[in-house]
Amino acid sequence: MDEYDEEPPILVSEEQPAAASATSAPASLDDDRPPEVKVPVTIVTGHLGSGKTTLITRLLNDDKHGKRIAVILNEFGESSGIDKSLTMNKDGEMAEEWLELENGCLCCSIKDAGVKAVENLLKKKGRFDYIMLETTGLADPGPIASMFWLDDELQSEIYLDGIITVVDAKFGMAQLKEHSQDGTVNEAVRQIALADRIIFNKIDIVTDEAADELETAIRTINGAAPITRTTRSLVPIEQLLDLHCFDSVFQDPFAVSRKPAVANGASNHIDEAVGTIVFSAPGAVDLAKLDTWLQCLLWEGTLVGRGRLQDVEVLRLKALVNVSGDDRKHVVQAVRELYDKQQGARWENGEERINKVVIIGKQVKGIDFETSFRQNCLV
Ligand SMILES: Nc1nc2c(ncn2[C@@H]2O[C@H](COP(=O)(O)OP(=O)(O)OP(=O)(O)O)[C@@H](O)[C@H]2O)c(=O)[nH]1
């Protein structure tokens, strides 16, 4: 694979001064080693009891994938089939013990799936070739995802493959309807908004109508992530691992987003404010203009040519862009105010060079991002 060997991706964050950030920030694929050397990390998130541990346990017990997966679990669920909690509290410090399974997989249960756990895991590099990281049910996966962009050491060793969100078919609707005390987007909605793939689990205990209603609500929030209905988180491995959601061209979100977003007013009681905007625009993008556009949107909350966006909060942005003078596709990924640009594969001969943008966030509906993009990002 030589797609990533020419130009480092750009990483920027609000904390970094804008002038320094875009060119000098560490890049996730910017060293000399081919990307294959880096270990992929998949974040598995989802509300309490949705089936995350069930999903990961299946993967651990499956030896057909031929991977030595290292799993960081927040805690072992009853269903894990692993009857030993491996976290011990030594003098107030968390000590980790890694359990090696028969098929070579490694497993560790900790209270906090943060940088430290991954750093400790990397000391065992060579003994695994994939990392699954389960967040707690109430976690916002945004900061966890961005730690793989922000931490220099981590991102030279590993890359974020994707975020998988498990949704509970039985309680998912109630979880989406919960209103957070401070009026911010609740965690269940956030977890869906950030997902690259959605596992719609526990289908066995709901009616088709209830499942359809919830799927419509999910689709209203995130119109881009493919949804797979499952029982006991049973999902083909190729829908979980090696998705390259963050560093390659995403699957055509246009196909799923064209589905009708709302049926029977299904989403009327959930946090309606969160939705997905998808648009495409022909033409070539000027990278500097695109940076300005993204920074205004993600850092300042303004849309170039339109001014301040009242109450808008971008939770996730993905774009495939045709950069002027470059025969490779560029992929933009943002999780809240952090964004990352990377070169992808070459445009095929005869392929239509079109820019595609997906924006998932609060109060984004009805805003004309497309016109602003066309007028301010193209050469
Ligand atoms: N009926 C039914 N039960 C399921 C399904 N998937 C998981 N469960 C059960 O739901 C419970 C919670 O599953 P877990 O996999 O532990 O969920 P989790 O998301 O890891 O839970 P937390 O770690 O508490 O957030 C367990 O008792 C599972 O056996 C399903 O598809 N159908």
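A continuous path of Ile, Leu, Val, Met, Phe, Trp and Tyr side chains, each step under 4.5 Å between heavy atoms, connects L60 with I237, placing both in one hydrophobic cluster. If you chain together hydrophobic residues whose side chains sit under 4.5 Å apart, F171 and I227 never meet in one group.
Expressed to the nearest 0.5 Å, how far CH2 of W293 lies from CZ of F373 amounts to 6.5 Å. Atom CD of E313 and atom CD of E337 lie 9.5 Å apart (nearest 0.5 Å). K362 NZ to D311 CG: the interatomic distance, rounded to the nearest 0.5 Å, is 6.5 Å. Atoms CG and NZ, from N322 and K329 in turn, are 10.0 Å apart once rounded to the nearest 0.5 Å. Between the CD1 atom in I43 and the CD1 atom in I144 there is a gap of 6.0 Å [rounded to 0.5 Å]. Rounded to the nearest 0.5 angstrom, I69 CD1 and I56 CD1 are separated by 9.5 Å.
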Evaluation steps, side chain to side chain contact (heavy atoms under 4.5 Å, CB included), between L297 and L317: CA-CA 10 Å; L297 179 61; L317 180 149; 3.9 Å; yes
Side chain to side chain donor-acceptor pair (under 3.5 Å) assessment of T230 paired with N201: CA-CA 5 Å; T230 58; N201 192 40; 3.0 Å; yes
Pair D161-R197, salt bridge (charged side-chain N to carboxylate O under 4.0 Å, His left out): steps then yes or no: CA-CA 11 Å; D161 187 64; R197 283 281 186 290; over 6 Å; no
Verdict with supporting geometry, D168 and F200, side chain to side chain contact (heavy atoms under 4.5 Å, CB included): CA-CA 6 Å; D168 187 325; F200 187 21; over 6 Å; no
Verdict with reasoning, D327 to R346, per salt bridge (charged side-chain N to carboxylate O under 4.0 Å, His left out): CA-CA 6 Å; D327 63 352; R346 284 180 205 285; 2.9 Å; yes
Check against salt bridge (charged side-chain N to carboxylate O under 4.0 Å, His left out), E215 and R219: CA-CA 6 Å; E215 183 166 332; R219 179 61 62 223; 5.2 Å; no
CA sep, side-chain torsions, deciding dist, call: Q343, D326, side chain to side chain donor-acceptor pair (under 3.5 Å): CA-CA 9 Å; Q343 277 182 315; D326 197 328; 2.9 Å; yes
Criterion side chain to side chain contact (heavy atoms under 4.5 Å, CB included) on R190 and R336, from CA distance to verdict: CA-CA 11 Å; R190 246 173 230 281; R336 295 209 259 160; 3.8 Å; yes
Candidate pair D204 and R232, rule salt bridge (charged side-chain N to carboxylate O under 4.0 Å, His left out), full reasoning: CA-CA 9 Å; D204 57 318; R232 305 239 162 242; 5.1 Å; no
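Taking the six-membered ring where tryptophan is involved, the planes of Y339 and W299 are tilted, since the angle between them lies from 30° to 60°.
Side-chain contact between V312 and V364 is present, with heavy atoms from C-beta onward closer than 4.5 Å. Looking at V235 and R58, their side chains come closer than 4.5 Å, going by heavy atoms from C-beta outward. T165 is not listed as a side-chain neighbour of I218, based on a closest heavy-atom distance of 4.5 Å or more. T302 has its side chain within reach of R308: a pair of non-hydrogen atoms, C-beta onward, lies under 4.5 Å apart. Inter-residue side-chain proximity for R316 and V335 is flagged as met; some heavy-atom pair is nearer than 4.5 Å. Contact of the K67 side chain with the D242 side chain is registered, since non-hydrogen atoms from C-beta on lie closer than 4.5 Å. Between K289 and V304, every side-chain heavy-atom pair lies at or beyond the 4.5 Å cut-off. Within the 4.5 Å cutoff, the side chain of E187 has no heavy atoms near those of the L48 side chain.
Under a 3.5 Å cut-off, the side chain of S372 and the backbone N or O of D368 do not form any donor-acceptor pair. Remark: side-chain polar atoms of N355 are paired, donor with acceptor, to backbone N or O of A281 under 3.5 angstrom. A donor-acceptor pair under 3.5 Å links the side-chain atoms of K52 to the main chain of G46, judged by distance alone. Side-chain N or O atoms of Q191 include one that pairs as donor or acceptor with a backbone N or O of H47 at under 3.5 Å.
Within 6.0 Å of atom CD in E348, 12 or fewer heavy atoms from other residues, nucleotides or ligands are found, so the atom counts as exposed in its surroundings.
Considering every non-hydrogen atom in both P141 and I163, the closest pair reads CB-CG2, 4.5 Å. In plain terms, the two heavy atoms of A224 and N222 that are nearest each other are N-OD1, 2.9 Å. C245 and G162 make their closest contact through CB-CA, 3.9 Å (heavy atoms, listed as atom of the first residue, atom of the second, distance). Closest approach of I203 to R229, counting heavy atoms only: CG1-CB, 3.8 Å. Here the shortest heavy-atom pairing between A211 and V206 reads CB-CG2, 4.0 Å. Across T54 and S233, no two heavy atoms sit closer than the pair CB-OG, 4.0 Å.
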